[in-house]
Amino acid sequence: MKAKLLKHYILVLTVMSTGMTIYAQEKNPETGPVQYHTSNITTRDASGRSKESIETYKDGKKYRFDLINDKVTDLTVDGVAIPAGKYSQYDGVINGIRQQIKEDKIQAHRDQEQAQIDQVRAKNDQKQALQDQARAKLDQDQARKEQARAKHQQDRVVRDETETKIQREQAEKDMEQSKMDQEQAEKDQATAKLNQEQAEKGEVNAKLGQEQAEKDRAHSKIDRQQAEEDERLMKNMISDLISGGIIKDEKSLISLTLNETGMTVNDTKQPDAVFTRFKEKYRRFSTGNFSYSSKEKGYHGIHMMRQTK
């Protein structure tokens with residue numbers, strides 16, 4: 001019977017109060033090991049009868065059936081319901097499955113007992129390992145204490161020698177410090193003298209700075225007055241341009257240049273007669289490189305570059 005081919009079967013076992021599920025493998029000489037699981041659940045029906053539900057794989061087929069008082073009910077093979085009249089044809093398979101389940105339960109119980117034994121042995125081994133570790137730690141601590149004691153004695157000798165050396169070096173440092181303090185006092189006196197001289201120079205520089213500030217204010221006043229005069233001359237020039245018919249009104253003046261060589265109004269070169277008249281009347285502008293531009297030109301104002309002789 002193929003039932004005797006079930007070997008190496010208990011892989012995982014989960015036991016509950018009302019049933020169990022067994023994961024195992026069926027060893028087939030032709031195809032090799034085949035993984036399968038068996039579900040075996042026992043309950044009570046409405047009348048109080050014991051009902052055992054079994055689901056498993058055997059010979060490549062899935063069997064599911066119930067046992068009520070050891071009598072087969074609800075048999076299916078690969079999901080196909082088998083009529084009750086044909087149950088007897090499956091007695092051998094069902095008996096083999098039930099026998100295998102019985103053996104699986106026995107083996108599972110043995111495995112559980114062995115696991116408990118292994119757990120106790122592992123716990124004892126762990127306890128022994130902890131004891132050995134504690135003993136080794138005590139020996140190590142004792143060795144460290146003896147080593148520390150020897151080092152302490154050695155350190156005391158070194159400290160005594162070091163303290164003597166430090167006292168000698170400190171005496172030399174004190175003498176050197178006294179010499180440095182005396183030199184520093186002399187430097188401080190020289191620095192105080194320099195600071196006094198610097199303060200006197202600072203007073204002189206402050207006075208010069210004040211005088212320069214007064215000069216700058218005077219120049220600023222002159223520049224402001226000159227700018228006002230330039231604005232006045234520019235207004236007069238615009239009036240002359242309008243009265244001379246060169247431009248229509250003040251808004252018509254976009255740009256103007258005047259120097260020793262020529263004159264342009266709105267980028268148009270003016271006749272010599274116009275140039276000469278404006279050159280003589282507005283000598284301040286013509287002796288420099290004078291230009292005027294309105295806001296429409298992108299920049300606004302009077303610009304002059306004086307030529308020094």
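A quick note: this is a predicted structure, and the numbers were derived from the prediction, not measured.
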[X] and [Y]: side chain donor to acceptor below 3.5 Å:
X	Y	result
Ser291	Thr257	no
Thr261	Asn259	yes
Asn124	Gln128	no
Lys281	Asn236	no
Asp249	Ser252	yes
Glu103	Gln99	yes

Look only at the side chain of Tyr63 and the backbone of Ile97, and say whether a donor-acceptor pair between them is shorter than 3.5 Å.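 No.
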
Judged by atom type as modelled, is there a donor-acceptor pair below 3.5 Å linking the side chain of Glu55 to the main-chain atoms of Ser53?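 Flag not set: sc Glu55 to bb Ser53 has no pair under 3.5 Å.
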
Compare all side-chain heavy atoms of [X] with those of [Y] and state whether any distance is below 4.5 angstrom.
X	Y	answer
His109	Ile106	no
Glu203	Lys207	no
Asn195	Thr191	yes
Val93	Lys58	yes
Asp230	Arg284	yes
Tyr292	Leu258	no
Phe278	Ile246	yes
Thr42	Ser50	yes

Please round to the nearest 0.5 Å and tell me the distance separating atom [atom1] of [X] and atom [atom2] of [Y].
X	Y	atom1	atom2	answer
Asn266	Ile254	CG	CD1	5.5 Å
Thr264	Lys269	OG1	NZ	8.5 Å
Lys279	Thr287	NZ	OG1	10.0 Å
Lys127	Gln131	NZ	CD	6.0 Å
Ser88	Ile82	OG	CD1	11.5 Å
Phe65	Arg98	CZ	CZ	7.0 Å

Please indicate whether [X] has more than 12 foreign heavy atoms, meaning atoms of other residues, nucleotides or ligands, lying under 6.0 Å from its [atom1].
X	atom1	value
Glu250	CD	no
Gln114	CD	yes
Glu197	CD	yes
Gln225	CD	yes
Gln182	CD	no
Gln196	CD	no

Should [X] and [Y] count as an ion pair when the cut-off is N to O under 4.0 Å?
X	Y	result
Asp155	Arg159	no
Asp141	Lys137	yes
Arg283	Glu260	yes
Arg110	Glu113	no

For side-chain contact (heavy atoms from CB on, under 4.5 Å), just list the numbers for Leu256 and Met237, CA-CA rounded to whole Å, side-chain angles, deciding distance to a tenth of an Å, and then say yes or no. CA-CA 10 Å; Leu256 184 149; Met237 182 182 288; 3.8 Å; yes

Do Leu233 and Ile238 share a hydrophobic cluster (ILVMFWY, side-chain heavy atoms under 4.5 Å, transitive)?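 Per the 4.5 Å side-chain linkage, Leu233 and Ile238 are co-clustered.
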
same_hphob_cluster(Ile68, Ile101) at 4.5 Å side-chain heavy-atom cutoff: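 No: no chain of side-chain contacts under 4.5 Å links Ile68 to Ile101.
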
Arg64 vs Val77, side-chain contact (heavy atoms from CB on, under 4.5 Å): CA-CA, chis, key distance, verdict: CA-CA 7 Å; Arg64 202 209 69 77; Val77 179; over 6 Å; no

Aromatic plane relationship, Phe290 with Phe285 - under 30° parallel, 30 to 60° tilted, over 60° perpendicular: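 Ring orientation of Phe285 relative to Phe290: parallel.
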
Evaluate Arg232 against Glu229 for salt bridge (Lys or Arg N to Asp or Glu O under 4.0 Å), listing each step before the verdict. CA-CA 5 Å; Arg232 186 186 67 78; Glu229 177 63 17; 2.3 Å; yes

Audit row: Ile94, Val72, side-chain contact (heavy atoms from CB on, under 4.5 Å) steps and yes/no: CA-CA 9 Å; Ile94 292 174; Val72 177; 3.8 Å; yes

Assess the residue pair Lys51 and Asp66 against the criterion (salt bridge (Lys or Arg N to Asp or Glu O under 4.0 Å)); give the C-alpha distance rounded to whole Å, side-chain angles, the decisive distance to 0.1 Å, and a yes or no. CA-CA 7 Å; Lys51 179 181 178 181; Asp66 295 336; 3.7 Å; yes

The test is side-chain contact (heavy atoms from CB on, under 4.5 Å); show your working for Glu146 and Gln142 and say whether it passes. CA-CA 6 Å; Glu146 293 176 357; Gln142 185 61 34; 3.5 Å; yes

Before giving the answer on salt bridge (Lys or Arg N to Asp or Glu O under 4.0 Å), spell out for Arg277 and Asp240 the whole-Å C-alpha distance, their side-chain angles and the decisive distance to 0.1 Å. CA-CA 10 Å; Arg277 178 161 56 87; Asp240 290 345; 5.5 Å; no

